[in-house]
Amino acid sequence: MTTAKNLAQRLARPELLDLQIYQSARRIGGQGDIWINANESPFNNSSLEGVNRYPECQPSALIDAYSRYSGVANNCILTGRGADEAIEILIRTFCTPAQDAIATFGPTYGMYAISAKTANVAVTALQLTDDFQLPSDYASQLDDCAYNANTKIVFICNPNNPTGSVIAKAELIKVIDSNPERIIVVDEAYIEFSPEYSVADLVESRANLVVLRTLSKAFALAGARCGFLLANPDIIDMCMRVIAPYPVPLPVSDLAVKALSPQGLLTMQSQVDDMSQQGLRLAHALQAYGATVVNAHGNYVLAQFSDKTTVQQKLTQAGVIARSYSDSRLADSIRFSFSNRSQTDYLISLFSASN
Ligand code: PMP
């Protein structure tokens with residue numbers, strides 16, 4: 001008798017189901033003092049203890065620390081090289097090249113489409129409404145698109161990059177619950193700036209929900225490359241078949257565990273509060289200048305200008321590098337990341353009446 005497949009098994013690329021996962025020396029492990037099973041060096045030439053040895057695939061101290069912080073159970077957490085690696089793993093786990101598709105709601109973070117296209121996976125590019133909400137007929141748009149049943153993953157970025165807009169939790173729950181045979185990925189890279197919108201508390205009860213997180217934004221560790229995929233254990237199990245054997249370098253997990261310590265969390269929270277305040281000041285200055293500003297829920301504000309070329313020249317002359325967009329819906333817009341007080345003062349002075 002064959003047992004019924006769970007959702008993750010039904011949606012995964014079929015060849016993963018009986019894949020014998022790579023048995024790294026670290027995974028096989030053992031008891032004893034003489035470790036000669038991984039072709040490592042016995043010499044440690046660094047002050048960092050253990051760096052001559054391969055790290056754990058999923059460093060337990062890091063998983064424990066993220067579990068304490070997020071309130072999500074250890075067996076529902078996968079860590080790797082940033083949320084970007086999680087996006088790629090999801091596509092490689094669930095989408096068969098030249099057959100399956102992902103769906104996105106633009107304008108949004110560009111890496112969903114790039115990761116898909118580099119894997120020869122199609123992109124159903126749907127559009128958010130004028131006020132950056134899900135279109136009311138998104139379900140029929142998904143059903144009617146060329147890939148319909150082959151649209152395995154729907155990416156929703158919340159708060160959305162680059163608009164800074166948010167979708168209400170109740171709306172997200174509707175999407176999750178009305179698409180039981182698709183993976184709904186909610187990318188919460190910026191959630192520390194609007195924590196009340198998080199759906200991470202639902203990963204244990206929803207078989208099709210994946211939440212992406214990162215230490216690159218609020219935790220100030222973009223250079224370390226550390227992110228998290230939160231999902232039920234069936235999805236984690238499938239993704240573990242695809243992830244690299246040692247995705248988290250030892251110095252990175254050390255840095256990340258410190259950032260997630262009680263002291264690290266206090267630092268993060270006070271910096272988030274400070275950046276949010278500076279961002280509000282900047283948004284007001286941009287509005288006073290005449291820009292149309294989207295209500296910001298991340299650590300950036302999207303501003304639309306009637307004189308974008310002039311603004312760009314002004315910024316360039318002042319040595320300010322902000323993010324300008326060329327795609328049609330954002331052609332007049334510039335995204336400003338929030339910064340510290342002194343840089344915000346400087347930016348505000350550029351947009352004040354006398355400049
Ligand atoms: N998701 C969103 C919405 C982002 O803006 C970014 C980074 N720009 C990422 C994911 C990638 O984050 P990480 O640095 O963890 O790879």
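Ligands are counted one by one from 1 in listed order, and the atoms in each one are counted from 1 as well.
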Can you see whether [X] engages [Y] through a side-chain donor-acceptor pair at a distance of less than 3.5 angstrom?
X      : Y      : value
Tyr66  : Arg213 : yes
Gln277 : Asp273 : no
Asn74  : Ser67  : yes

Give yes if a backbone or side-chain nitrogen or oxygen of [X] is under 3.5 Å from a nitrogen or oxygen of ligand 1, and no if not.
X      : value
Ser216 : yes
Arg81  : no
Ala83  : yes
Tyr190 : yes

### Task
Return the option from Gly80, Ala222, Cys157, Ala86 holding the heavy atom at the smallest distance from atom 3 (C) of ligand 1.
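Looking at heavy atoms only, the winner is Cys157.
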#### Entry: Under 3.5 Å donor-acceptor, Thr96 side chain and Asp100 backbone
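No, Thr96 side chain to Asp100 backbone: no donor-acceptor pair under 3.5 Å.
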### Query
Is it true that a side-chain atom of Glu171 and a backbone atom of Leu134 form a donor plus acceptor pair closer than 3.5 Å?
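Side chain of Glu171 to backbone of Leu134, a donor-acceptor pair under 3.5 Å: no, none is there.
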Among all protein heavy atoms, pick the one closest to [atom] and tell me residue, atom and distance.
atom                    : result
atom 11 (C) of ligand 1 : Asp84 OD1, 3.3 Å
atom 2 (C) of ligand 1  : Asp187 OD2, 3.4 Å
atom 8 (N) of ligand 1  : Lys217 NZ, 3.0 Å

### Message
Under a 4.0 angstrom heavy-atom cut-off, which atoms of ligand 1 come close to Arg225?
### Response
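By the 4.0 Å cutoff, the relevant atoms are 13 (P), 14 (O), 16 (O).
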### Query
Quick one: which ligand 1 atoms are inside 4.0 Å of a heavy atom on Gly82?
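Answer, ordered by atom number: 13 (P), 15 (O), 16 (O).
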### Message
Tell me if the aromatic rings of Tyr69 and Phe228 count as close, with their centers under 6.0 Å from one another.
### Response
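For Tyr69 and Phe228, the ring centres are not under 6.0 Å apart.
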#### Entry: Any side-chain heavy-atom pair of Phe155 and Asp187 under 4.5 Å
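They are not in contact (no side-chain heavy atoms under 4.5 Å apart), so the answer is no.
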